[in-house]
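Just so we're clear, the structure is a prediction, and the values are computed from it rather than from any experiment. Note on naming: letters A, B, ... go to the chains in the order of the sequence lines (proteins, then strands), and numbering restarts at 1 for each one.
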Amino acid sequence: MKNKQAAKSRRSLTKKLLAFLIPACIGLIFLAWIVVPMGMAVLWSLVNPDYPWSYPQMFPSNLSLYHWDHVFRYTDILGAIKNSLIVAAMTTIGCSVLALPTAYAIGRRKLIGGEAFKIAMLLPMAMPGMAMAIFLGRLFAQWGLSNSYTGVAMAHILCTMPLMLRILTVSFESVPQDIVDAASNLGASPWARFKEVYVPMIIPGLIAGCIFTFIGSMEEFNLSFIIGAPAIQTVPTILYSYLGYNFLRTNASVVTLVMMVPNIIVLMVTERFIKTEYLGAALGKM
Amino acid sequence: MKKKKRFEWGYLLLLPGLGYIGFFVVMSAGIMIAQSFGMYNAITGETAFTLEGWQGVFSKSFVDALGFTLRTSVLSALISIAVTYPLALLLQKSKARKWLLPLIKIPYFVPGLVGSFLIVNLIDYHGLLNEVLMLLHIISEPLRLRNDANGIAVIAIHVWKNVPFMMIIMFSAIEGIRQDVKDCARNLGANSLQVLWHITIPLTVSSALVSVILTFIRTFNDYAISSTAGPMHPMSLANLMKTTAYSYNDWITAGCIGVLMTIVTVIFMVLYTVLGKYLQNGGGK
């Protein structure tokens, strides 16, 4: 009896220990993953140029907002954020308008070759981003679409389309046929069926698709770099110039931190709407 | 008659989405292939069929770039899944997941270049990692981890960026296992390790493979990260292609490199598609 109790208390002790250790481990990994890199960037951005932060010091000896002031005064990072937002909005609208009818056709109509169409959706993913950018860039240059919002947005629509189509197709497929049939039995016109049955049921998928498209456009580099730059600087291309040919750690820190803001705001605002299942369902399965 | 009309409508609806994709992908792939045979020249505009590009494409810099790109992308994909799998399993059991999950998604949402800078800061010559290792007397001299020929910085950045992406896929796969299947196993006397080994892992291993393939494709075709944190030589393939086209004005060779990269990507996309099909048919159950 005593033995049993001892074993029981031992077990509950291990359980308690585990209950403490697992979150602690995850917390540590998380700290190393996000907090430490970002903290370093914050520190670097605050270094006072008169008191350089160099090797033996673990922390900068003097902090100032000099670099923040400098970067905002002499570079157009707010313009880059504006460009990114404009392109992302154009991409999201264009992509959903183009994807909706196609996703409906593949998800609801029993088309011959439906499976093949689902695979064809992935075509843009089968071409390396840089190869697509370089050779699509030549086409766009010929058509006078380079260095314009329209050109960059058109290119972004191309590379965000697969995910949007996949998510919307899954949404359309999961509308139960009974409800559609019930609506037609009750005399609903095609338009009423669309408005009252399909729209409410695909809205969550559409929102998720729009969020992934928006984010995808915000962080797309290759196409923006070849087709948009130098006239249309977006967040990733201006970052690239700060990390490449004019690398200054302090200024790059400021730019990096500022550039994270729009995406993190989008993440925070939309977190409730993004069911991770959508990405899992759209990419993990066929 | 009515049936036929409906049939045609359905195909017309494919045009905005698939037509758009098809047109631009076929156009850019077409230009790329034509270019690799010397046709439709970007600089002079002349069209002359030549095999020059294909004869000279396997130069030393190409072979080095291929080796570098394959090594970094394979390692990134494998390390990422090695980190993600246990973390996803742990996180799924933990109560803290409600607020940890959105935070761990941050790297997926920020531009890859942000990650590039953040990680480079950590592993630079006098970065935090080197300082800590020196402080602990593990190394006597800072390690060169950035712009190094082994591409350690590139791998670190890809892992940082791709673990959250894999996490989203793996987490939804683990969550997707029905609780009654696990309860059933527990009723039959399996302990939690046995449940993990006989149920959770077999049911999620194909998702893991899918996410490894997708990560491999992303890193294999990466330009931005390896050109900022990677070595000058060897370059990544995408970087080599872009430099060949824009700096050396050698569009023929650039076309050849593009075609070869596309072939590798297509092979892995086919693998991904086949696996995805298997997943959908309830493979592994």
Between OG1 on residue B:Thr273 and CD on residue A:Glu115, distance to nearest 0.5 Å: 11.5 Å
Heavy-atom closest pair, residues B:Gly258 and A:Ala131: CA-CB, 4.4 Å
Separation between CE of A:Met125 and CG of B:Asn221, rounded to the nearest 0.5 Å: 10.5 Å
Proximal component of A:Leu165, with respect to chain B [non-hydrogen, under 4.5 Å]: side chain
Can you give each donor-acceptor pair under 3.5 Å made by side-chain atoms of residues 25-33 of chain B, sequence neighbours left out, with the distance rounded to 0.1 Å?
from: B:Ser28; atom 1: OG; to: B:Phe24; atom 2: O; distance (Å): 2.8
from: B:Ser28; atom 1: OG; to: B:Val25; atom 2: O; distance (Å): 3.4

Interchain contact, A:Met164 with chain B, by part (heavy-atom threshold 4.5 Å): neither
Winner by heavy-atom pair count (cut-off under 4.5 Å) against chain B, out of A:Asn263, A:Ile215, A:Val36, A:Leu98: A:Leu98
Region of A:Leu100 that comes under 4.5 Å of a non-hydrogen atom in chain B: neither
Approximate separation, where rounding is to 0.5 Å, of A:Leu123 CG and B:Phe23 CZ: 14.0 Å
Proximity breakdown for B:Ala238 and chain A, heavy-atom pairs closer than 4.5 Å: both
Heavy-atom pair of closest approach, residues B:Leu113 and A:Leu243: O-CD1, 3.4 Å
Close side-chain approach of A:Leu239 to B:Phe117, heavy-atom, < 4.5 Å: no
N/O donor-acceptor pair under 3.5 Å between A:Tyr240 side chain and B:Thr228 backbone: no
Per-residue contact mode, A:Phe140 against chain B (heavy atom under 4.5 angstrom): side chain
Separation between CG of A:Leu122 and OH of B:Tyr272, rounded to the nearest 0.5 Å: 6.0 Å
Atom pair CG/CE of B:Leu118 and A:Met40 - distance to nearest 0.5 Å: 10.0 Å
Test item: B:Lys242 and A:Asn222 side chains (from C-beta on) under 4.5 Å apart, heavy atoms: no
Aromatic plane relationship, A:Phe117 with B:Tyr11 - under 30° parallel, 30 to 60° tilted, over 60° perpendicular: perpendicular
Euclidean distance, B:Ser227 OG relative to A:Met130 CE, rounded to 0.5 Å: 7.5 Å
